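Beneath this line is the structure, given in structure tokens, with notes to follow.
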Number of protein chains: 2
Amino acid sequence: MHGTFEQNDLALGPLYKRVKTLLVEGLARGDWQPNGAIPSESRLAEQYNVSIGTIRKAIDELVAEKILVRQQGRGTFVAAHGEDRFLYHFFHIVGSDRVKHFPVAKLLSFKKVRADALVAERLGLTRNDRVIQIQNVLWLEGKAIEVDTIYLSSALFADLTREIFVSRPSTIYQLYQVRYGLNVIRTTERLRAAAARADEAAVLEIPEGAPVLEIERIAFTYSDAPIEFRVSRVNTAQHVYLNDLDRMP
Amino acid sequence: MHGTFEQNDLALGPLYKRVKTLLVEGLARGDWQPNGAIPSESRLAEQYNVSIGTIRKAIDELVAEKILVRQQGRGTFVAAHGEDRFLYHFFHIVGSDRVKHFPVAKLLSFKKVRADALVAERLGLTRNDRVIQIQNVLWLEGKAIEVDTIYLSSALFADLTREIFVSRPSTIYQLYQVRYGLNVIRTTERLRAAAARADEAAVLEIPEGAPVLEIERIAFTYSDAPIEFRVSRVNTAQHVYLNDLDRMP
DNA sequence: AAGTGGTCTAGACCACCAT
DNA sequence: TGGTGGTCTAGACCACTTA
């Protein structure tokens with residue numbers, strides 16, 4: 001006979017999946033801050049009236065999805081964005097030395113515009129909705145190697161200004177997290193080869209029409225809600241996009 | 001007090017990791033065939049003198065790494081290559097409809113050559129070692145969209161001939177698996193944009209110099225031994241490379 | 001020393017599949 | 001019906017961190 005589950009003992013799938021859902025809901029609600037600890041496994045087992053093994057199995061999955069981080073002897077923490085996580089999970093461009101370096105970003109433009117069909121579709125908005133468009137140049141080892149165009153829903157990022165954006169902490173996802181409570185936990189990317197347009201060719205110091213790698217990225221927070229759409233164009237003459245699949249530590 | 005472990009109870013890390021190592025060694029040795037079942041969890045628990053929970057934890061990781069596949073009520077099976085697995089884990093090109101289709105491959109050339117510096121490095125060989133070079137064109141929805149150049153060590157694939165290659169089962173990795181006992185379990189890829197050369201431009205029906213997506217892939221079997229090096233050049237005018245990161249079922 | 005996560009065990013019951 | 005994996009529990013001990 002398994003443990004009772006408060007009032008809510010309806011058969012809605014395995015118990016540990018329901019515990020996992022409760023934890024994700026708590027995270028989405030902001031019950032625990034990024035870099036902060038969630039309650040200990042034994043405390044959660046008491047609160048939810050389930051065994052510690054069930055709690056562990058729920059947390060196991062959240063750790064595998066990189067939403068939580070375990071530290072033996074200290075506790076379990078909400079994954080926060082910083083340079084390490086950025087480099088490890090969200091930045092795939094690497095030079096010939098195969099070592100990942102943190103890029104330097106320089107702002108090109110910050111505008112409020114209307115969503116076109118593509119941006120609306122990717123962000124789950126409708127055409128002509130207000131969006132913020134930000135253009136960045138990324139430098140690596142002294143060279144401009146990537147031009148990013150970022151789109152954010154004005155509804156989600158209502159008070160975001162150019163000043164707030166440029167005075168952000170080191171990563172952009174950190175800004176979303178600390179200022180807007182939006183924790184990017186997953187992305188999908190579409191890659192293709194394209195010809196450099198005149199404007200980006202000038203910035204990247206390559207001939208117009210030279211091949212560039214285009215990366216369309218959608219960043220999601222909890223419950224698969226899209227919060228950022230980004231188009232990157234990368235000069236891959238000296239750098240490559242690294243994709244190590246199915247890697248386990 | 002935990003269970004004894006045959007003669008081998010030295011402290012070499014967690015018990016379930018040692019069980020996992022034993023299972024991988026068995027797989028590499030060919031103790032169980034692809035698509036065949038490994039012994040049941042209870043049988044393995046007896047054989048290794050370990051509790052069933054420990055066996056499950058070892059298998060859990062191998063399932064997460066897609067080396068094994070569980071089927072409730074039937075057993076646990078060695079992951080085998082087929083069209084499904086190919087599309088799901090090893091083929092990322094998709095048309096505008098976002099639906100994955102299985103490509104049609106046509107052989108362009110089959111040659112025995114010597115490894116140049118790049119091929120040697122990627123396959124862990126030395127320069128001038130004998131390698132097999134195979135060129136393929138991949139068709140999707142009636143269009144030639146990708147030219148592949150595959151390099152295989154002649155030492156590993158000693159008896160491979162053009163005839164054997166063209167009369168293979170549906171996927172190439174299936175051929176490696178059934179004929180050579182080499183199960184591809186992981187790949188790493190490097191992507192960049194490049195300009196189409198004359199030969200590939202003709203095949204892909206695009207202008208010479210048009211941007212193409214280049215994918216350098218190394219395929220590994222157990223214990224991270226490289227068995228195939230492949231360079232793909234893709235016309236991404238109508239197709240994209242899809243990368244869904246950190247996706248859990 | 002107290003508290004945390006990490007490992008391991010043992011046993012019960014359930015859901016599913018084959019026969 | 002018997003065997004398989006899937007879930008859940010309960011308790012012991014270990015390894016690590018912090019105070």
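Letters A, B, ... mirror the listed sequences (proteins, then strands); counts begin at 1. Being a predicted model, the structure only gives us computed values, none of them experimental.
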> Residues two or more places apart in sequence or in another chain: which of them pass ring-ring contact (aromatic ring centres under 6.0 Å, His included) with B/His239?
Replying inline: none
> For B/Arg56, what residues pass the side-chain contact (heavy atoms from CB on, under 4.5 Å) criterion, not counting sequence neighbours?
Replying inline: B/Glu41, B/Arg70
>> Measuring from atom CZ of B/Phe157 to atom CD1 of B/Ile132, what distance do you get when rounded to the nearest 0.5 angstrom?
In response: 7.5 Å
> Taking OH from B/Tyr48 and P from C/dC8, how many angstroms apart are they, rounded to a whole number?
Replying inline: 15 Å
> Is the phosphate of D/dA10, meaning OP1 or OP2, less than 4.0 Å from a side-chain N or O of A/Ser51?
Replying inline: no
>> Looking only at the side chain of A/Glu41 (C-beta and beyond, no hydrogens), which of the listed nucleotides C/dG5, D/dT9, D/dT7 gets closest?
In response: C/dG5
> How close or far is atom C1' of D/dC13 from atom CG of B/Leu15, stated in whole angstroms?
Replying inline: 14 Å
> Rounded to the Å, how far apart are B/Ile55 CD1 and D/dG5 C1'?
Replying inline: 13 Å
> Partners of B/Arg29 by side-chain hydrogen bond (donor to acceptor under 3.5 Å, both in side chains), sequence neighbours excluded?
Replying inline: B/Asp31
> For B/Leu44 and D/dT4, what is the distance between atoms CG and P respectively, to the nearest whole Å?
Replying inline: 10 Å
>> From CZ of A/Arg56 over to C1' of C/dC8, roughly how many Å is that when rounded to an integer?
In response: 11 Å
> Are OP1 or OP2 of C/dC8 and a side-chain N or O of B/Lys57 less than 4.0 angstrom apart?
Replying inline: no
Which side-chain N or O atoms in residues 77-84 of chain B pair as donor and acceptor under 3.5 Å with protein atoms at least two apart or in another chain?
from    : atom 1 : to       : atom 2 : distance (Å)
B/His81 : NE2    : B/Arg85  : NH1    : 3.3
B/His81 : NE2    : B/Asn183 : OD1    : 3.2
B/His81 : NE2    : B/Val184 : O      : 2.8

>> Looking at D/dT4, I'd like to know if its phosphate oxygens (OP1 or OP2) sit under 4.0 Å from a side-chain N or O belonging to B/Ser40.
In response: yes
> What's the closest nucleotide to the B/Tyr16 side chain, out of C/dG6, C/dC8, D/dT9?
Replying inline: C/dC8
> Rounded to whole angstrom units, what separation is found between the CD1 atom of A/Ile59 and the C1' atom of C/dG6?
Replying inline: 12 Å
> At what distance, to the nearest 0.5 angstrom, does CG of B/Leu68 lie from CD of B/Gln71?
Replying inline: 12.0 Å
>> Let's see if you get this right: which residues in residues 67-74 of chain B place a heavy atom under 4.0 Å from DNA chain D?
In response: B/Arg70, B/Gln71, B/Gln72, B/Gly73, B/Arg74
> Does A/Arg43 place a side-chain N or O at less than 4.0 Å from the phosphate oxygens OP1/OP2 of C/dT4?
Replying inline: yes
>> Counting only side-chain nitrogens and oxygens, does B/Thr54 get under 4.0 Å of the OP1 or OP2 atom of C/dT9?
In response: yes
> Rounded to whole angstroms, how far apart are CG on A/Asn49 and P on D/dC8?
Replying inline: 14 Å
> Nearest-Å distance, CD1 (A/Ile52) to P (C/dT4)?
Replying inline: 9 Å
> For A/Glu228, what residues pass the salt bridge (Lys or Arg N to Asp or Glu O under 4.0 Å) criterion, not counting sequence neighbours?
Replying inline: A/Arg230
> Counting just side-chain N and O atoms, does B/Ser42 come under 4.0 Å of either OP1 or OP2 of D/dG3?
Replying inline: no
